[in-house]
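Encoded as structure tokens, the structure appears first; notes follow it.
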Amino acid sequence: MVDTSANRMEALITIIDYSLSERLTSTFKECNIPIIMLTHGYGSAKSAIYDILGYGGPKKVIALSLQTHKMVEYFMQRLNKALDLSKPGTGIACSISLSSVSSAVSNILAHAGENLEMGSETMANAPHEHYHLIISIVNTGYFEQVMEAAKKAGATGGTLVHARGLGSKEAIKYLGITIQPEKDLVLIVAPEQHKRAIMESITHECGLNTAGNGICFSLPVNSIIGIKS
């Protein structure tokens with residue numbers, strides 16, 4: 001059973017255009033969000049698309065924050081006001097339920113939620129259809145292949161994050177897989193009806209039995225804004 005309480009712990013993932021990074025960090029500070037991680041990524045759209053839409057570029061800012069469900073709703077409302085995610089190219093934000101967190105983190109988030117000043121205005125964050133965050137981890141340089149496979153199955157876009165893999169010699173020997181240290185982490189938000197086809201297409205083109213040597217998994221999204229842009 002899904003916990004729908006205001007104190008349910010969630011991970012909020014925000015992906016926005018790099019030009020809006022200062023406004024994003026300002027919104028986090030204004031809301032006193034206590035646990036945040038920021039990194040950089042790259043969108044899948046080509047430069048010509050950015051020229052047509054008249055905004056930013058492929059570089060993105062990705063924020064991962066831990067919040068209570070009540071804090072997520074409030075922060076999404078403030079973020080949408082600050083950035084207007086309905087505009088094409090600004091970005092998206094989505095939340096995912098956490099099965100558990102340490103007691104120290106739980107206490108910090110609960111305390112932050114209690115101190116949060118809630119306004120009377122509310123915003124419906126729940127999507128009309130179910131979405132999933134599809135995460136693919138492949139050898140570096142295979143981002144384009146992942147996106148080509150995903151778009152064949154109905155994906156509209158994705159975000160690349162450069163990462164580094166770690167693997168023991170025992171694991172490599174046991175699985176018969178050469179693990180490259182540099183990895184591409186690909187994030188794709190997609191409707192539930194396209195999830196399976198997208199994941200199967202990515203696995204077929206860039207899975208463990210290919211040069212991409214990738215794995216793919218998905219997480220259900222609770223709330224989302226910006227997806228229609």
Side-chain angles (χ1 to χ4, degrees), residues 1-17 20-21 23-41 43 60-80 82-83 85 90-116 118 123-127 129-137 155 157-164 183-192 195 198-199 215-227:
M1 182 178 294
V2 177
D3 180 7
T4 58
S5 67
N7 291 326
R8 180 184 68 209
M9 302 301 171
E10 298 185 350
L12 178 68
I13 300 173
T14 308
I15 304 173
I16 64 163
D17 187 76
L20 302 172
S21 57
R23 289 160 67 181
L24 173 64
T25 54
S26 295
T27 306
F28 272 118
K29 290 178 181 178
E30 290 168 3
C31 294
N32 296 314
I33 304 300
I35 300 176
I36 310 164
M37 183 197 74
L38 293 174
T39 188
H40 292 159
K60 306 296 179 183
V61 171
I62 302 165
L64 172 63
S65 60
L66 302 184
Q67 306 180 29
T68 64
H69 176 66
K70 187 177 182 181
M71 292 167 62
V72 165
E73 288 191 328
Y74 177 72
F75 179 77
M76 280 186 162
Q77 175 187 317
R78 294 289 299 271
L79 183 66
N80 207 36
L83 302 181
L85 297 183
T90 49
I92 64 171
C94 64
S95 66
I96 298 168
S97 293
L98 301 179
S99 60
S100 61
V101 295
S102 68
S103 58
V105 171
S106 178
N107 290 334
I108 290 172
L109 296 180
H111 182 69
E114 291 172 359
N115 292 334
L116 195 64
M118 295 292 179
M123 182 179 68
N125 293 323
E129 56 183 323
H130 295 294
Y131 284 84
H132 289 257
L133 175 64
I134 299 171
I135 301 175
S136 302
I137 304 173
T159 302
L160 164 66
V161 181
H162 292 301
R164 185 174 179 84
K183 297 290 182 179
D184 283 352
L185 180 69
V186 186
L187 309 177
I188 298 171
V189 176
E192 186 173 36
K195 180 194 69 171
I198 291 172
M199 294 180 70
I215 61 173
C216 184
F217 57 95
S218 66
L219 299 168
V221 168
N222 292 334
S223 304
I224 190 166
I225 55 175
I227 192 69

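These values consider heavy atoms only, across backbone and side chains, with no hydrogens, waters or symmetry-generated copies.
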Gap separating the [atom1] atom of [X] from the [atom2] atom of [Y], nearest 0.5 angstrom:
X	Y	atom1	atom2	value
F217	L133	CZ	CG	8.0 Å
I35	F28	CD1	CZ	12.0 Å
I224	H130	CD1	NE2	13.0 Å
L98	L66	CG	CG	6.0 Å
Q67	E73	CD	CD	11.0 Å
S65	L12	OG	CG	4.0 Å

Could you tell me if the side chain of [Y] sits less than 4.5 Å from the side chain of [X], heavy atoms only?
X	Y	result
Y74	R78	yes
R8	S97	yes
I134	C216	yes
E192	S218	no
S106	M9	yes
E10	N222	yes
L79	L24	yes
T27	T25	no

Practice task
Applying side-chain contact (heavy atoms from CB on, under 4.5 Å), name anything that partners S102, two or more places apart in sequence or on another chain.
Solution key: A104, V105
[X] to [Y] - nearest heavy-atom pair and separation:
X	Y	value
V189	C94	CG2-SG, 4.5 Å
L109	T68	O-CG2, 3.7 Å
P191	Y131	N-CD2, 3.6 Å
I16	L20	CD1-O, 3.4 Å

Handout entry: Derivation of the side-chain contact (heavy atoms from CB on, under 4.5 Å) call for V61 and L38
Key = CA-CA 7 Å; V61 171; L38 293 174; 4.2 Å; yes
Is a side-chain donor or acceptor of [X] paired with a backbone partner of [Y] at a separation under 3.5 angstrom?
X	Y	result
S95	S223	yes
S21	D17	no
N107	S103	yes
D184	H162	no

Handout entry: Worked verdict on V221 versus H132 for side-chain contact (heavy atoms from CB on, under 4.5 Å)
Key = CA-CA 5 Å; V221 168; H132 289 257; 5.5 Å; no
Exercise for the section: Identify which one of L64, T159, L219 satisfies the side chain to side chain contact (heavy atoms under 4.5 Å, CB included) criterion when paired with I13. Expected result: L64
Exercise for the section: Take H40 and I62 through the test side-chain contact (heavy atoms from CB on, under 4.5 Å) and record every step on the way to the result. Expected result: CA-CA 6 Å; H40 292 159; I62 302 165; over 6 Å; no
